[in-house]
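We use all heavy atoms of the structure for the numbers below, so side chains are in, but hydrogens, waters and symmetry mates are not. Both ligands and their constituent atoms are indexed starting at 1 by order of listing.
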Amino acid sequence: MHILRTLQGAGHAAWVVGGSLRDTLREARVDDWDLTTSARPEQTQALFDDAVYENAFGTVAVRTGDPSVGEVEVTTLRSDHDYADFRRPHHVEFTDSIELDLARRDVTVNAMAWGGRPDEAPTLIDPHDGMVDLEAGILRAVGDPRRRFDEDALRMLRVVRLAATLGFDIEPGTLAGIQSRADNVRHLSGERIAAELSKMLAAPIPSVALRLLADLGLLAPISPELAAQRGVPQNKVPGEDLWDHTLRAVDGAATEPSYIRLAALLHDIGKPKTMAEGRFLGHDAVGAEIADDLLDRLRWRRDERDRIVSLVRHHMYGYVPDWSDAAVRRFIAKVGPEVLPDLFLLREADNLGSGRPHHAGDLDEIRGRVRRELDAGVVLDRRGLAIDGDDLQRELEIPPGPRLGTILDALLDRVIADPVVNTRGTLLAIARGLARAVEP
Ligand code: ATP
Ligand code: MG
């Protein structure tokens, strides 16, 4: 209201628009506020102490200093022009017409405005009957769906995402429009797809969006390997295929950390390619590579990408209670202690996806055993050994070179198998024997 009034006080028309108005009208929490105004970006910027004109699209970000509001995006009224290659418009044209600005928006519930000119009382402007659709819970493209999706293919992903986050239905004409234009998604940049995908995965029931993606033909242009899960048989939940299993796993996955749901989506991505005689040999390693390529295409955050690939790579570990303590330590060293908590979360999701949550007992046990090893200061790499390469050179007169590394690795194996040997005297004695065995 403060920003709206400031703009109007300076003689400009201003409205609340987009998702913030939609969410206010349906009495939901608003995450980010969008305003539109007749003021040009430089004029908007000059009205506020803390405002940045950040891009070529006429948007000024105003920092409110109120943490519950954050940054408010104030965009100059515009009409879009020159759509090409199914992406965002190549240039924008400023306008004084709120109607033109609303007409370029994606769905009717996002194409309303509340506010007005300085001398008017605020009103709701709703030329596309967004309020009717909001009350009925319907997502309907503004204008001719095919044309709008040809202009910008991202709108199809936005519709699917909103269906999941709002719990709305997609109007049949809009649905048909998506089906006929789905393939255009292959022209979108990885970043834009990724932004929608992460919102889909954060929805209360992410499978709502994922199922729509697959059924409408939007998934194949994003990941042919995931789309190929449809129809692959699984002996898990009777009557369900691999895609059903994946979706159950995603729905069952923890919401924190946020990338666990993505890991669940990708955990069996290697299965269609490795399927032979009802088995999927090596699907974890193959899946890790496919996942890495996909996340690279999507320009996914590097740290999460590495973590997710590692989770896909290791998700097949087969813990049984008679694993020795040494086996537990080898497992920790192989997977890496920082990945393990996430790997267990992924297994929880995988178990739910397989209709066998009763495996929770084994999961509690391996979690406990890992924690005990970590608390006991388990040695996982060469740095934890009681001696180092310098000691070997000095005491055993082994010259620097690859042989040193071989011996240190062998010592590490011995310490992981039996931590008691990790003392200087014992390790030097073992190293002497190894040095004789590993002749230069
Ligand atoms: P949320 O902020 O909850 O993710 P939103 O609908 O507010 O959803 P934003 O990306 O913040 O989405 O966009 C704000 C508004 O801009 C939308 O409500 C819509 O009116 C318009 N909009 C955004 N992207 C597009 C697009 N690709 N095509 C047409 N209009 C769009
Ligand atoms: Mg928004």
- Query: Would a distance-only check, ignoring hydrogens and angles, find a side-chain to backbone donor-acceptor pair under 3.5 Å from Thr174 to Ile170?
  - Reply: no
- Message: Between Thr59 and Thr75, is the side-chain hydrogen bond (donor to acceptor under 3.5 Å, both in side chains) condition met? List the steps.
- Response: CA-CA 4 Å; Thr59 300; Thr75 305; 3.2 Å; yes
- Considering Ala103, Ala111, Ala195, Gly19, which one's heavy-atom position lies nearest to atom 7 (O) of ligand 1? Gly19
- Task: Report yes or no: does a heavy atom of Arg161 sit under 4.0 Å from some atom of ligand 1?
- Result: yes
- Message: I want to confirm something. Looking only at heavy atoms, which of Lys199, Arg158, Arg105 is nearest to atom 23 (C) of ligand 1?
- Response: Arg158
- Message: Measuring from non-hydrogen atoms of Arg104 to any atom of ligand 1, is the shortest distance under 4.0 Å?
- Response: yes
- Message: If you measure every N or O of Asn110 against every N or O of ligand 1, does any of those distances drop under 3.5 Å?
- Response: yes
- Within-cut-off N or O pair, Ser20 and ligand 1, under 3.5 Å: no
- Task: I would like to know whether Trp323 and Phe331 meet ring-ring contact (aromatic ring centres under 6.0 Å, His included); could you show each step before the answer?
- Result: CA-CA 10 Å; Trp323 270 19; Phe331 173 61; 5.2 Å; yes
- Task: Nearest 0.5 Å please: distance from the CD1 atom of Ile98 over to the CE atom of Met112.
- Result: 12.5 Å
- Item | Asp32, N/O/S atom nearest the Mg ion (ligand 2) | OD1
- Query: Do the charged groups of Asp292 and Arg305 touch, with an N to O distance under 4.0 Å?
  - Reply: yes
- Short N or O distance, Arg148 and ligand 1, threshold 3.5 Å exclusive: no
